[in-house]
Structures are given as structure tokens and as C-alpha cells.
Amino acid sequence: MKEQIEHLNKVITTLSAKTNEEVEALRIQYLSKKGEISELFNEFRNVPNDQKREVGQLLNKLRDSAQNKINDLKAALTDNNNNTEKIDLTRTPDTFPLGTRHPLSLVQNEIFDIFGRLGFVAAEGPEIEDDWHVFGALNFPPEHPARDMQDTFFIERNPDILLRTHTSSVQTRVMTTQKPPIRILCPGRVYRNEAISARAHCFFHQVEGLYIDKNVSFADLKQALLYFAKEMFGEQTEIRLRPSYFPFTEPSAEMDISCNLCGGKGCSFCKNTGWVEILGCGMVDPNVLENCGIDSKIYSGYAFGMGIERITNLKYQVKDLRMFSENDTRFLNQFQ
Ligand code: DAH
């Protein structure tokens, strides 16, 4: 009896199974009512009394280790099954949805493409600025309304620290640190204290252009802007420059393009004029050059500034300015 128990103990440690059916077959072979171990229990009554205690213990151990072995084999099989279900290396992976570029980025990139071909390079400046870079150096008189609390978000007063109201401040930054020739394009966010509505927001985006060299003329400005308008809105686009005033340019102008919705015939978008305004521009005021340490007797330059939202609206007819900053994917997904 003892030898039989010992033998079975060895056999049991070597058992293996590949399927649940094989495990069940092993259980039946050893542990069912007619199984090999149960048979030993049946023969137990023939064991001499003086050995009963010892053999009984061995038998109980044998049954326990057989049961444990069967349990282990079962557990190993379910683990394996789960793993093969989780990792199917042949399965086509799920596609994940691609994001889209923000319409303002698309248009900004296009503006950079066009002026890049004319030799303009990117320049950036801080959104938190001091009064001198935003107003002082750019020839704004102290009492100019743009400096008023109504328009400007101030962070500190005396000396004034504020959120820039236009990207013209980057002109100041570049002119005070670089020598001409300068040919830059400055993109960025600007802030104005406006009530938020479909047509106005307290922040928006601009691109500022600045070209300073010897003998830069108004004709150069006009040609560069005509090129931009035709590249951006199509070959048929016409431009018109209207005299205007900005403290930092002299002479100054505002530029209209022929309405790209009605082709200049007149519609509700252009208020029946056939023209829509897209930017401000002019020849850099000699005072500004001097304020920034550039000799206005040697150098001249032109500058222009446009709102990216404005250009984007013209291209894509976005009715409500707030759409640009609400991150609504139903809106953004339209710009695939
Ligand atoms: N800074 C002006 C604005 O925010 C736009 C502008 C007008 C920029 C004329 C210029 C310029 O460089 O020459 O309304």
C-alpha cells in the first residue's frame, strides 16, 4: 500500500493537460468514485491496525495533492485562454480619429506661405507688455484713447504693464534689437476689453508685417499687398487703399478687397458696397524709427497689420467669432 501511494504521488506531480477535457479525464482517473485514489481508500480497511494511522495520513495527503494538481491544471488553462483572447496579433488595429488643424492656424500658415515667398520671416514677442513697446515707441500720444481702461487690459499701473492690444508691439521689439534690413511677419494673440458677442471678442489674433530697408516706398507696400490678396483670395481679386490714420504710420491706409462672395457686385456680406476691409497699413512713421534707434534719414519702411479671424471669416464665412475659441469639434471637424 505504501509503495502504491508513493508511486501515485510521483505520477501526480508529472501530470499535464492541454485542454479542459484532458483535465477532466485526469480527475476521473484519479479522484472520481472509481478513480485510482478512491480505490486505495476502499482497500484501507485491509491495512493492519498498527499501520492504519500512518497509511491514513499518507492517503489523505495523496488525495489533497491530487486535488491541488487538478485545480492548478485548470487554472493554468483559463489563464492561457484569456491571454490568447487579449492578444490577437493578426487583428487589424482600430483606427483612431485624426485631429484637424484649427481654421485660424490654417489661415495663418497660408499667410506665412505667401509672405514667405516675398522673403518675410517669423518674429514673436510677449503677450504681456509694457506701455512703451505697445504705445510709447509707436508714437501714440499720452492721451490716445487706445490707452484707455476701456480698451486695454492693465495688469499693473505706473509703470504700466498690460496685455498687448496689437502685434505692432513686436515691431518695437525687433527694431530695437535688430539692424535693417528687417523683413518680419509677427503672428499672435492680442487682447481688448470688449464685450463678447458674435462680432467681437476680448481676444483675437493678428499678423503684423514690417519691412525696413533703404529706399522702401509706398509702391513696394502696394505691390506686396496686391500679391497677397490675389494669392489668398484668387487671381480675380482687386484691392483698394483708402487714406486712414494710425499713430505709427505716415501716410496710413486701410485696404479693402473686392468682395469674394459676390465678386464685387454687392451683397449683404459687403453691405452692398462690393468691398470688404481686411487690413491697416502705411509707411513707418520716422518718429517710430528714431524711437527704436533706426536712422530715418537712411532707412524707410512699410508696415501692415491684419486680423486672422477677419481673413478666416472671408475665406470660410464663419458667422460667429466665438466659434473660434469654443473648441466645439463639430465646428473644427469641418476643416479637414
Ligand atoms: N495695429 C493696428 C491695429 O491693431 C493694425 C495696423 C495698422 C498695423 C496699420 C500696422 C499698420 O502695422 O501699419 O488695428
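Computed over heavy atoms, backbone and side chain alike; hydrogens, waters and symmetry mates excluded. Each ligand, and each atom within it, is numbered from 1 in the order the structure gives. Positions are given from 1, in the same order as the sequence printed here.
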*Quick one: pull up OG in Ser300 and CD1 in Ile212 and give me the separation to the nearest 0.5 Å.*
9.0 Å
_atom 11 (C) of ligand 1: nearest protein contact (heavy atom, Å)_ = Phe248 CE1, 3.4 Å
*Element-labelled atoms of ligand 1 that are located less than 4.0 Å from some non-hydrogen atom of Gly280*: 7 (C), 9 (C), 11 (C)
*In sequence, state the C-alpha distance, the side-chain angles, and the governing distance for Val276 and Leu261, and then conclude on side chain to side chain contact (heavy atoms under 4.5 Å, CB included).*
CA-CA 10 Å; Val276 282; Leu261 286 191; over 6 Å; no
_Would the distance check show the side chain of His102 and the main-chain N or O of Phe324 forming a donor-acceptor pair, the cut-off being under 3.5 Å?_
yes
*asked:* Just checking Phe115 against Phe304, ring centres under 6.0 Å apart?
replied: yes
*Of all the atoms in ligand 1, which lie at a distance below 4.0 Å from a heavy atom belonging to Gly282?*
13 (O)
*At a 4.0 Å cut-off, with the gap strictly under it, does some heavy atom of Glu254 reach an atom of ligand 1?*
no
*Which atoms of ligand 1 have any heavy atom of Gln171 under 4.0 Å away?*
12 (O)
*Identify, with sequence neighbours excluded, every residue that meets ring-ring contact (aromatic ring centres under 6.0 Å, His included) alongside Phe248.*
Phe140, His166, Phe246
*Gln206 vs Thr167, side chain to side chain donor-acceptor pair (under 3.5 Å): CA-CA, chis, key distance, verdict*: CA-CA 6 Å; Gln206 290 187 330; Thr167 45; 3.3 Å; yes
*Protein residue, atom and distance nearest to atom 12 (O) of ligand 1, heavy-atom basis*: Glu208 OE2, 2.5 Å
*Show your working on side chain to side chain contact (heavy atoms under 4.5 Å, CB included) between Leu221 and Tyr211 and close with a plain yes or no.*
CA-CA 9 Å; Leu221 170 63; Tyr211 176 36; over 6 Å; no
*Can Met306 be said to touch ligand 1, with heavy atoms closer than 4.0 Å?*
no
*Parallel under 30°, tilted from 30 to 60°, perpendicular over 60°: which one fits the rings of Phe203 and His201?*
tilted
*Not counting sequence neighbours, list each pair that qualifies as a salt bridge (Lys or Arg N to Asp or Glu O under 4.0 Å) and has a residue in residues 290-306.*
none
*May I ask you to check whether Phe246 has an N/O atom sitting below 3.5 Å from an N/O atom of ligand 1?*
no
*asked:* Could you identify the single nearest non-hydrogen protein atom to atom 14 (O) of ligand 1 and state the distance to 0.1 Å?
replied: Arg192 NH2, 3.8 Å
_Can you confirm, on distance only, whether ligand 1 has an N/O atom lying under 3.5 Å from any N/O atom belonging to His166?_
yes
*For ligand 1, which part of Cys281 has a heavy atom less than 4.0 Å away: the side chain, the backbone, both, or neither?*
backbone
_Using a 4.0 Å cutoff against the non-hydrogen atoms of Thr249, which atoms of ligand 1 qualify?_
13 (O)
*Check whether Val284 and Val207 end up in the same hydrophobic cluster, where Ile, Leu, Val, Met, Phe, Trp and Tyr are linked by side-chain heavy atoms less than 4.5 Å apart.*
no
*Tell me which one of Ser168, Ser252, Ala303, Pro247 gets a heavy atom nearest to atom 13 (O) of ligand 1.*
Ala303
*asked:* Using a 4.0 Å cut-off to any heavy atom of Gln206, which atoms of ligand 1 qualify?
replied: 3 (C), 4 (O)
*Those atoms of ligand 1 less than 4.0 Å from some heavy atom in Gly305*: 6 (C), 8 (C), 10 (C), 12 (O)
